[in-house]
Amino acid sequence: MGAYISLNQVLALAEKATNSSFRQIPRKKIMFRTTTAEGKSVTLCSPQSKLHSQGFFWVDITQEQYRVLSETDSGLVIFRLEGMKLAMVKWLELKAFLTAKCMQYNANEQNHWKLNLFSDHIKVVKNKEEMPIEIVSCIPE
């Protein structure tokens with residue numbers, strides 16, 4: 001069950017969907033940017049989640065990722081989940097759930113938000129609202 005879709009596989013899917021080539025943002029391991037034929041910037045962030053002992057996935061979104069995703073015309077977050085699964089969300093939709101009161105801090109991630117991903121929704125820790133999602137199984141080509 002420990003298998004994950006690779007970043008290269010996510011990039012291939014995103015490039016096919018946008019018909020453009022993504023390039024890694026300098027010093028950002030899981031963040032990529034492209035410019036569409038229409039001249040719009042698209043930023044992709046693809047964090048790898050961990051499986052919690054209670055049966056849901058969890059991932060952190062850092063304040064730096066938030067900043068970079070907010071400086072683009074269109075943002076996309078593709079969560080890589082254990083078991084060759086993906087969950088994709090539009091940045092503007094997710095951003096609404098990442099409020100200042102939900103932010104946490106630790107020495108490793110600095111300011112960040114903890115997200116719990118369930119089979120049909122995302123729950124940001126300290127936010128009572130839930131964002132609907134769909135998790136899909138991926139079989140690489």
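Any value given below was found using the heavy atoms of this structure, including those in side chains, with hydrogens, waters and symmetry copies removed. Position 1 is the first residue of the sequence, and the numbers go up from there.
No more than 12 heavy atoms of other residues, nucleotides or ligands sit less than 6.0 Å from atom CZ of R27. More than 12 heavy atoms of other residues, nucleotides or ligands lie within 6.0 Å of CG in N106, so this atom counts as buried by the packing criterion. Dense packing is recorded around CE of M131, with more than 12 heavy atoms of other residues, nucleotides or ligands lying under 6.0 Å away. K90 NZ: 12 or fewer foreign heavy atoms inside a 6.0 Å radius.
Side-chain atoms of Q24 and M31, non-hydrogen and from C-beta on, never get closer than 4.5 Å to each other. Residues F22 and R33 have side chains not in contact (no heavy-atom distance under 4.5 Å, counting atoms from C-beta outward). Considering only heavy atoms from C-beta on, I30 comes within 4.5 Å of Q65 through its side chain. Taking the side chain as every heavy atom from C-beta outward, L86 and R80 approach each other to under 4.5 Å.
Under the 4.0 Å criterion applied to side-chain N and carboxylate O atoms, K28 and E64 are assigned as salt-bridge partners.
With F118 as the partner, the ring pair (Phe, Tyr, Trp, His ring centres under 6.0 Å) test is satisfied by one option alone out of F79, F56, F57: F56. The only option from V89, L115, I122 that meets the side chain to side chain contact (heavy atoms under 4.5 Å, CB included) definition with V77 turns out to be V89. None of L69, V42, L44 except one satisfies the side chain to side chain contact (heavy atoms under 4.5 Å, CB included) rule with W91; the exception is L69.
The OG atom of S49 sits 11.0 Å away from the CG atom of D60 when rounded to the nearest 0.5 Å. Rounding to the nearest 0.5 Å gives a distance of 7.5 Å between CD of E130 and CG of D120. The line from CD1 of I135 to CE of M88 is 13.0 Å long, rounded to the nearest 0.5 Å.
In the hydrophobic cluster analysis, where Ile, Leu, Val, Met, Phe, Trp and Tyr join through side-chain heavy atoms closer than 4.5 angstrom, I5 is grouped together with L7. Both I133 and I78 belong to a common hydrophobic cluster when Ile, Leu, Val, Met, Phe, Trp and Tyr are linked at side-chain heavy-atom distances under 4.5 angstrom. Hydrophobic clustering (ILVMFWY, side-chain heavy atoms < 4.5 Å, transitive): I61 and W58 are in distinct clusters. Both L11 and M84 are part of a single hydrophobic cluster, where members link through side-chain heavy atoms under 4.5 Å apart.
Contact between L117 and A87 at its shortest, heavy atoms only, is CD2-CB, 4.3 Å. The minimum heavy-atom distance linking Q110 with A107 is given by the pair NE2-O, 2.8 Å. In this structure, S21 and T34 approach most closely via the heavy-atom pair O-OG1, 2.8 Å.
Under a 3.5 Å cut-off, the side chain of T72 and the backbone N or O of G75 do not form any donor-acceptor pair. The main-chain N or O of E109 is never found under 3.5 Å from a side-chain atom of T62 such that the two would form a donor-acceptor pair. The backbone N or O of S6 lies less than 3.5 Å from a partner atom in the side chain of Q9, making a donor-acceptor pair.
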Test log, rule side-chain contact (heavy atoms from CB on, under 4.5 Å), inputs V124 and K114: CA-CA 6 Å; V124 178; K114 289 212 171 295; over 6 Å; no
Evaluate side-chain contact (heavy atoms from CB on, under 4.5 Å) for R23 paired with F32, printing each intermediate quantity in order. CA-CA 5 Å; R23 297 201 191 289; F32 305 85; over 6 Å; no
Q104 and V125: CA distance, side-chain angles, deciding distance, side-chain contact (heavy atoms from CB on, under 4.5 Å) verdict: CA-CA 9 Å; Q104 300 185 36; V125 174; 3.3 Å; yes
Under the side-chain contact (heavy atoms from CB on, under 4.5 Å) criterion, do H112 and Q63 qualify, and how do the steps go? CA-CA 5 Å; H112 68 284; Q63 190 172 30; over 6 Å; no
I would like to know whether Y66 and W113 meet ring-ring contact (aromatic ring centres under 6.0 Å, His included); could you show each step before the answer? CA-CA 10 Å; Y66 182 102; W113 293 265; 5.0 Å; yes
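If you check the side chains of K40 and T35, you find no donor sitting under 3.5 Å from an acceptor. Side-chain contact of S20 with T36: a donor-acceptor pair under 3.5 Å is absent, judged by distance alone.
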